[in-house]
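All of these numbers come straight from a predicted model, not from anything done at the bench. Atoms within a ligand are numbered from 1 in the order they appear, just like the ligands themselves.
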Amino acid sequence: MERLEWKAWSTLLWGLDAGDPKVIRFYLDTFRRMPDGSVRAKPLPRLQPLAIKPVRPPTVEKLIAQDRRQAREAARVLAAEAIVADVHAHGAETYAALAAVLPAWRRPPTWKRRKPGALTRSAPARRIAAMKPRPATAAPPPAPPRYVELCFETPQDQTYFYRLPPGFPAEPVPGLRLRAPLGPRRADGYLLRLVPEEEVRRELAAKRAGRSAAKGARRAEPQGLPGMAAAGAGRSDGDALSAVREVLGPADEQPYLSAPLLELGRWMSRQYGCSLGEALGAMLPAAVKKHARAEKIRYVELLESPAEARRLAALLAARAPQQAVVLETLADCPGRPTAGELLLVAEAGESALRALARKCHLRIVEEYPAERVFMGYGAEAAGGLVLNPEQRAAVEAISGSLAGEPGAVHLIRGVTGSGKTEVYIRAAEAARGLGRSSIVLLPEIALTPQTCARFRSRFASLAVLHSHLTAGQRAEEWRRIRQGRADVVIGARSAVFAPAPHLGLLVVDEEHETSYKQDSVPRYQARDLAVRRAEIEGAVCVLGSATPSLESFQAARAGRGRLHVLSRRAAGLELPPVELIDTRIESREDRRFLALSRRLRALLGRCLADGGSAIIFLNRRGWATAVICGRCGFVARCGRCQVAMVYHRDRQAGLCHYCGAQARLGAECPECRGRLQQIGLGTERVAGEVARFFPEARVARLDSDVMARRTAHAGILADFREGKTNVLVGTQMVAKGLDFPRVTLVGMVNADTALNLPDFRAAERTFQLVSQVAGRAGRGPMGGRVAVQTAFPEHPAVAAAARHDYLEFAERELVSRAELFWPPYSRLLRVVVSARLALRARERAEEIAAAAGAACAELAGSVPAGTRAPELLGPAPCPLEKLQDLYRWHLLIKSPPGECAERLIAVLRRAAAGTKRGARAAIDADPTAML
Ligand code: ADP
Ligand code: ZN
């Protein structure tokens with residue numbers, strides 16, 4: 001009887017799953033409560049008159065095979081509604097009856113949202129319920145209650161005490177996420193530590209006595225929040241302890257944060273002015289928190305020999321032609337096809353596949369497709385390289401540190417093409433030899449397919465974290481890393497938090513790149529985190545760049561790290577000569593406004609005639625940087641951002657590069673009806689100009705407008721590498737890490753775009769940009785040259801870059817930084833205030849500046865002799881005064897690094913907390929953006 005009942009129910013639910021309305025109708029008709037309170041379906045034979053054929057098991061299988069997810073969801077909702085209706089009619093015991101009959105895994109998920117009661121508990125609650133010791137077994141002596149301290153992802157520094165439920169299953173190690181009640185909600189918090197009962201008691205007593213608790217953080221506990229706040233005054237100790245709320249259960253199956261990562265989080269919160277919860281929250285990808293699962297692929301494997309399969313196919317041909325074709329196709333297939341591919345080729349249906357699987361002729365295997373993660377870049381064979389002496393010295397020093405110098409920092413300054421990647425690979429191999437894992441950070445993974453390919457060819461177990469992964473893939477990679485199944489992790493900024501166990505090496509490639517700085521809370525600098533994490537974990541940190549940031553260079557010079565120089569290109573190639581083209585003279589001679597000067601056109605013509613390829617670089621996308629009226633001076637601006645609209649010809653519109661707003665721009669000035677003019681250059685226009693002057697050239701463009709189409713860049717780069725296109729016009733995207741031997745000319749349309757920005761790093765940025773762009777040339781046997789157009793050929797940054805002279809530039813720049821007390825000699829703290837009303841932004845900025853000024857004055861007295869006191873600049877309107885409808889003011893503090901800066905950050909955090917009078921303030925420590 002029981003068996004029959006189960007069968008009836010599962011049959012029914014299969015049908016419901018398939019979403020057949022007839023089945024649902026049937027469900028409603030036959031769902032019946034028996035007099036004894038149990039729930040039954042009518043016996044199956046009675047179904048026939050209702051014409052519900054699909055419910056019979058064989059047909060049901062077909063329905064499942066169709067796997068129509070949406071229909072299934074709809075059926076579930078309908079079923080749940082029917083059940084709820086029944087509950088209203090017959091009382092809550094229906095739940096118990098249903099629960100007894102239904103297999104647990106078939107319960108419609110909507111139930112728990114619909115009705116309170118036994119089945120409405122959340123998954124963790126149920127898990128705990130299941131975990132309680134069964135009464136049948138001999139009762140162990142009751143364990144004393146255990147208490148934990150949790151922090152949540154809120155901007156406040158508040159932490160809370162909770163009790164672990166009896167028989168808590170997971171090992172309560174720090175870093176584990178737990179679900180707990182937080183006020184009226186439930187939230188996932190990070191377990192910081194186990195707290196002795198004594199301490200909980202003491203804190204409660206202190207609270208009750210109205211004194212502030214030992215920890216400053218808890219002092220400001222807001223009203224109505226849980227944890228110990230539930231403890232009432234005047235109760236006995238025991239009562240007070242029982243008011244501590246209980247954890248609901250673990251939120252993840254394993255802790256993703258290790259003790260070192262927790263410590264890194266504490267450091268982050270001090271250095272970047274965020275809460276510990278915000279810092280820890282940033283370490284886990286959202287996909288991991290949501291337990292995203294990767295979509296699996298079904299592969300089909302033949303379980304017979306091909307000959308046997310063909311024999312079977314012949315036998316089946318008459319009775320089951322589809323199955324015969326499937327078998328035959330599979331027998332002819334060399335590898336293992338996916339189910340989709342197989343059925344497509346065999347022109348058969350899912351049911352044929354299922355039938356064959358049931359008869360054990362083949363097997364369907366569901367697997368997580370690791371291949372997809374690599375976005376199609378293959379493994380680049382590069383084995384058998386013999387390191388040159390400079391490379392060898394660097395590798396040996398790093399290996400030495402791995403063996404016995406935990407926390408060491410190595411800075412590799414290697415000119416473009418000097419084989420830094422090879423050094424990283426050897427270092428990671430050395431780490432692997434010691435049983436330790438490595439993390440390699442790259443500025444933007446999608447743009448550095450070659451580096452990934454090189455690592456891939458050398459490490460079988462490689463995890464890659466890039467922005468084009470789906471949530472499921474990302475979570476799967478994270479799990480793999482956590483389980484120690486990846487020797488090397490490659491990723492962008494946030495991979496610095498990858499939970500690699502036994503971490504031995506952290507590499508930051510192109511360490512000067514601004515993309516290592518996160519521009520939302522917490523505003524961390526991944527390069528500095530890598531250095532700090534290496535120190536905490538006893539690992540070694542390697543920073544590499546052709547143009548190291550002055551921060552890293554100065555640190556290495558000051559003895560906080562070892563400097564290695566790779567002074568020449570690895571493959572015996574020369575650095576390309578750089579020619580500066582003075583645009584002031586050129587434009588006087590040309591008398592036309594052109595992107596390419598006469599000289600650059602001549603060079604490009606020769607390059608193409610010789611069969612080479614060229615990269616033309618301009619740091620701006622679009623057609624024209626502004627549209628103005630020549631008569632009245634009208635400038636087309638974004639209404640929300642007050643910046644000039646950039647004209648994009650392919651969209652026939654002006655585009656705001658700060659908020660994405662788009663506006664049609666006609667030929668006439670809206671103010672005076674004069675003619676509108678397009679001024680300034682963008683990549684679109686440059687590409688057009690190249691095509692006009694060189695009709696035979698095959699021109700491609702690469703910038704973020706093109707990148708918007710997900711994987712377009714990979715195709716564009718592949719075409720260029722293979723010579724299908726021979727002129728590549730682009731923005732920074734073509735300046736980074738690309739290694740194309742065909743390129744014999746690199747032209748920079750305007751080296752001055754960064755030079756005149758109101759930013760103390762303007763010269764450094766210009767130097768880096770010119771050097772990086774120049775580094776793309778001359779990487780093959782045909783050699784190469786670089787032409788840079790500038791209006792300031794004698795500017796020290798431009799001139800030094802043209803001579804590939806990093807040292808000269810760095811020495812000179814460091815002198816002026818020291819004089820003016822800019823980083824690396826000071827730490828810069830920036831506060832940006834934004835509000836809908838300009839006046840409010842100003843008032844709030846002035847308020848914060850007053851607090852900051854007072855703190856600076858106070859701290860000035862305590863700085864040691866010989867160091868400079870903190871200085872406050874501003875408040876003042878930001879250079880970009882209005883963005884996205886918000887007016888912006890900012891202030892800057894130049895502080896001596898170390899404790900003084902940390903104390904100032906604490907002061908700023910208090911002053912900047914919350915929204916006051918409609919103005920929000922954001923703290924940015926070590927900012928890279930000054931606009
Ligand atoms: P970087 O990262 O410093 O710009 P890469 O790592 O891209 O330089 O190296 C440039 C090229 O030099 C690559 O094609 C690489 O295979 C090659 N290379 C690296 N090391 C050596 C070596 N020791 N001998 C010969 N070629 C090398
Ligand atoms: Zn805008």
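Every atom of ligand 1 is numbered from 1 in the order shown, and the set under 4.0 Å from a heavy atom of Asn388 is 23 (N). Close approach of ligand 1 to Val386 is summarised as follows: ligand atoms under 4.0 Å from at least one heavy atom of the residue are 22 (C), 23 (N), 24 (N). Taking every non-hydrogen atom of Lys420 and a distance limit under 4.0 Å, the qualifying atoms of ligand 1 come out as 1 (P), 2 (O), 3 (O), 4 (O), 6 (O), 8 (O). Interface atoms of ligand 1 facing Ala570, defined by a heavy-atom separation under 4.0 Å, are 12 (O), 18 (N), 19 (C), 20 (N), 21 (C), 27 (C).
At a 4.0 Å heavy-atom cut-off, ligand 1 touches Arg454 through the side chain alone.
Using cut-offs of 30° and 60° for the angle between ring planes, the His657 and His648 rings count as perpendicular. Ring geometry for Phe720 versus Phe740: interplanar angle over 60°, hence perpendicular rather than tilted (30 to 60°).
A salt bridge links Glu429 with Arg458: the closest approach of a Lys/Arg side-chain nitrogen to an acidic carboxylate oxygen falls below 4.0 angstrom.
Distances between N or O atoms of Thr416 and those of ligand 1 include no value under 3.5 Å.
Residue His657 does not count as close to the Zn ion (ligand 2), with no N, O or S atom under 2.8 Å.
Residues Leu886 and Arg920 have side chains not in contact (no heavy-atom distance under 4.5 Å, counting atoms from C-beta outward).
Arg664 and Gln652 form no side-chain donor-acceptor contact under 3.5 Å, judged by distance and modelled atom types alone.
Geometry about the Zn ion (ligand 2) gives an angle of 110° between SG of Cys656 and SG of Cys659, rounded in steps of 10 degrees.
Proximity of the aromatic rings of Tyr424 and Phe455 is defined here by a centroid distance below 6.0 angstrom, and this criterion is not met.
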